[in-house]
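Residue numbering restarts at 1 for every chain, and letters A, B, ... go by the order of the sequence lines.
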There are 2 protein chains.
Amino acid sequence: MKTTKKYGKKTDLALNLWVKLSRAFAVINKKATEDIAKYGLTEPQFCVLECLGHLGQLSIGELTRKQLVSAGNMTVVVNNLEKEGLVERSREPGNRRVVKVQLTAKGSKKFDEIFLNHAKYITHLISVLTEKEQSDLAKLLKKLGLIVQQLNHNTK
Amino acid sequence: MKTTKKYGKKTDLALNLWVKLSRAFAVINKKATEDIAKYGLTEPQFCVLECLGHLGQLSIGELTRKQLVSAGNMTVVVNNLEKEGLVERSREPGNRRVVKVQLTAKGSKKFDEIFLNHAKYITHLISVLTEKEQSDLAKLLKKLGLIVQQLNHNTK
DNA sequence: TAATAATAATTGAAGTTTATACTATTCAAA
DNA sequence: TTTGAATAGTATAAACTTCAATTATTATTA
């Protein structure tokens with residue numbers, strides 16, 4: 001195990017955490033994406049189905065905010081889901097700028113078929129940690145994510 | 001705070017961790033990518049420069065394994081860095097299938113200019129956690145990443 | 001009310017990403 | 001030693017991703 005201090009203790013500690021966080025995410029995300037691919041979906045497509053399946057009708061803007069993604073990107077992903085007949089668009093009556101997206105019957109069926117299986121698969125992966133480790137880890141990650149998100153964009 | 005048990009305790013615990021992990025990664029990665037963009041680089045381009053800057057000459061294959069990325073992808077990223085004159089390719093004399101990639105003088109200069117500043121920025125973000133929290137978190141993430149990576153691909 | 005600004009989504013260009021297929025080189029074995 | 005398998009990297013197609021520019025709609029304000 002490398003313990004060399006290269007940039008000072010504080011920096012090394014933080015960089016090490018960032019490396020471990022990136023790595024853990026990448027490893028699990030890769031397997032999760034492979035699992036989703038078995039159902040004929042890409043990972044971002046699955047995320048949209050999951051959002052709509054759990055929360056119902058959402059606008060493009062709401063989807064982008066939930067997934068930290070650009071609007072242009074969401075338009076493309078929704079286009080591809082629409083081609084497959086899994087979701088459909090409709091204009092909001094009160095504000096015609098807004099496009100609402102919702103599952104079709106086919107999309108709803110697909111969501112039901114996939115979600116539980118995928119959840120079991122993720123649970124299987126994560127269960128390499130004890131329940132206490134899982135809740136400790138989740139607590140720390142929640143704190144990290146929330147505070148960093150609130151940091152001022154322009155603070156360097 | 002939602003505490004509804006929807007899919008059973010074990011599954012809810014694991015899914016919650018996966019959500020928090022994805023979120024924390026996404027939030028920090030977004031800011032890190034924005035920081036890197038200030039230097040005229042994309043995030044994967046920066047990763048390649050960082051690897052080469054710290055480890056010296058590496059093959060395409062070594063780079064893909066370090067970054068959990070496909071070889072086709074690495075070819076493209078290295079192509080783009082080569083266009084900018086930041087890296088250069090050379091064939092390995094002993095095994096002419098292997099392409100070694102290394103920083104040019106320009107790339108090395110860029111690496112020196114960028115890395116410390118970016119490291120300071122990441123440290124600034126991560127420092128919303130105490131040092132103890134950082135080391136606890138890093139330890140758990142390391143365990144999670146390592147064990148999941150070793151899981152058999154075909155185990156479902 | 002008419003001009004201007006703000007908001008929501010889309011489009012287009014450039015880059016990233018994967019999977020698959022392909023080329024070149026090396027290794028293994030009949 | 002020649003055939004066949006394995007390895008390293010590249011080319012291609014389809015999808016994702018961002019940013020910047022554009023269109024349509026709504027809100028503001030002079």
Q.
Treating B:Arg91 as the side-chain partner and B:Arg97 as the backbone partner, does any N or O pair qualify as donor plus acceptor under 3.5 Å?
A. yes

Q: Go through the structure and list residues passing salt bridge (charged side-chain N to carboxylate O under 4.0 Å, His left out) with B:Asp112, not counting sequence neighbours.
A: none

**Q.** Minimum heavy-atom distance between A:Lys143 and B:Val128, given as atom pair plus value
**A.** CE-O, 4.2 Å

Q.
Please check this pair: side chain of B:Gln45 against backbone of B:Thr42, looking for a donor-acceptor N/O pair closer than 3.5 Å.
A. yes

Q) How is A:Gln45 classified with respect to the nucleic acid when contacts are heavy atoms under 4.0 Å: base, sugar-phosphate, or nothing? A) sugar-phosphate

Q: May I have the distance from B:Glu62 (atom CD) to D:dG9 (atom C1'), rounded to whole angstrom?
A: 13 Å

Q.
Could you work out, with side chain to side chain donor-acceptor pair (under 3.5 Å) as the rule, every residue matching B:Lys110, not counting sequence neighbours?
A. none

Q. Looking across every strand, which nucleic acid part, if any, lies under 4.0 Å from B:Ser59 by heavy atom: base, sugar-phosphate, or nothing?
A. sugar-phosphate

Q) First contact, last contact: which nucleotides of DNA chain C are these for chain A, 5' to 3', heavy-atom distance under 4.0 Å? A) C:dA6 to C:dT11

Q) Taking the six-membered ring for Trp, are B:His118 and B:Phe46 parallel (under 30°), tilted (30 to 60°) or perpendicular (over 60°)? A) perpendicular

(Q) Which residues in residues 92-104 of chain A have a heavy atom closer than 4.0 Å to any atom of DNA chain C? (A) A:Arg97, A:Val98, A:Val99

Q) Is the B:Tyr39-B:Phe115 ring centre distance short of 6.0 angstrom? A) no

Q: Within residues 66-86 of chain A, find the residues that approach DNA chain C with a heavy atom at under 4.0 Å, and present them sorted by residue number.
A: A:Ala71, A:Gly72, A:Thr75

**Q.** Atom of A:Cys51, atom of A:Gln67 and distance for their closest heavy-atom approach
**A.** SG-NE2, 3.6 Å

Q: Could you tell me whether A:Arg89 atom CZ has more than 12 heavy atoms of other residues or ligands within 6.0 Å of it?
A: yes

Q) Taking CZ from B:Arg65 and C1' from D:dG9, how many angstroms apart are they, rounded to a whole number? A) 12 Å

Q: Establish whether B:Val87 and B:Leu55 are linked, either directly or via other cluster members, by ILVMFWY side-chain heavy-atom contacts under 4.5 Å.
A: yes

Q | Main-chain N/O of A:Gly8 paired with A:Thr11 side-chain donor or acceptor, under 3.5 Å | A | no

Q | Nucleotide D:dC16, atom C1' - distance to CG of A:Asn29 in whole Å | A | 13 Å

(Q) Can you classify the ring geometry of A:His54 versus A:Phe111 as parallel (below 30°), tilted (30 to 60°) or perpendicular (above 60°)? (A) perpendicular

Q: With heavy atoms under 4.0 Å as the rule, sort A:Arg91 into base, sugar-phosphate or nothing.
A: nothing

Q: Stems involving DNA chain D: give each as a range paired with a range, ordered by first number, where a stem means at least three consecutive Watson-Crick or G-U wobble pairs under 3.5 Å.
A: C:1-30 with D:1-30

Q. When you check the side-chain N and O atoms of A:Lys20 and A:Asn16, is any donor under 3.5 Å from an acceptor?
A. yes

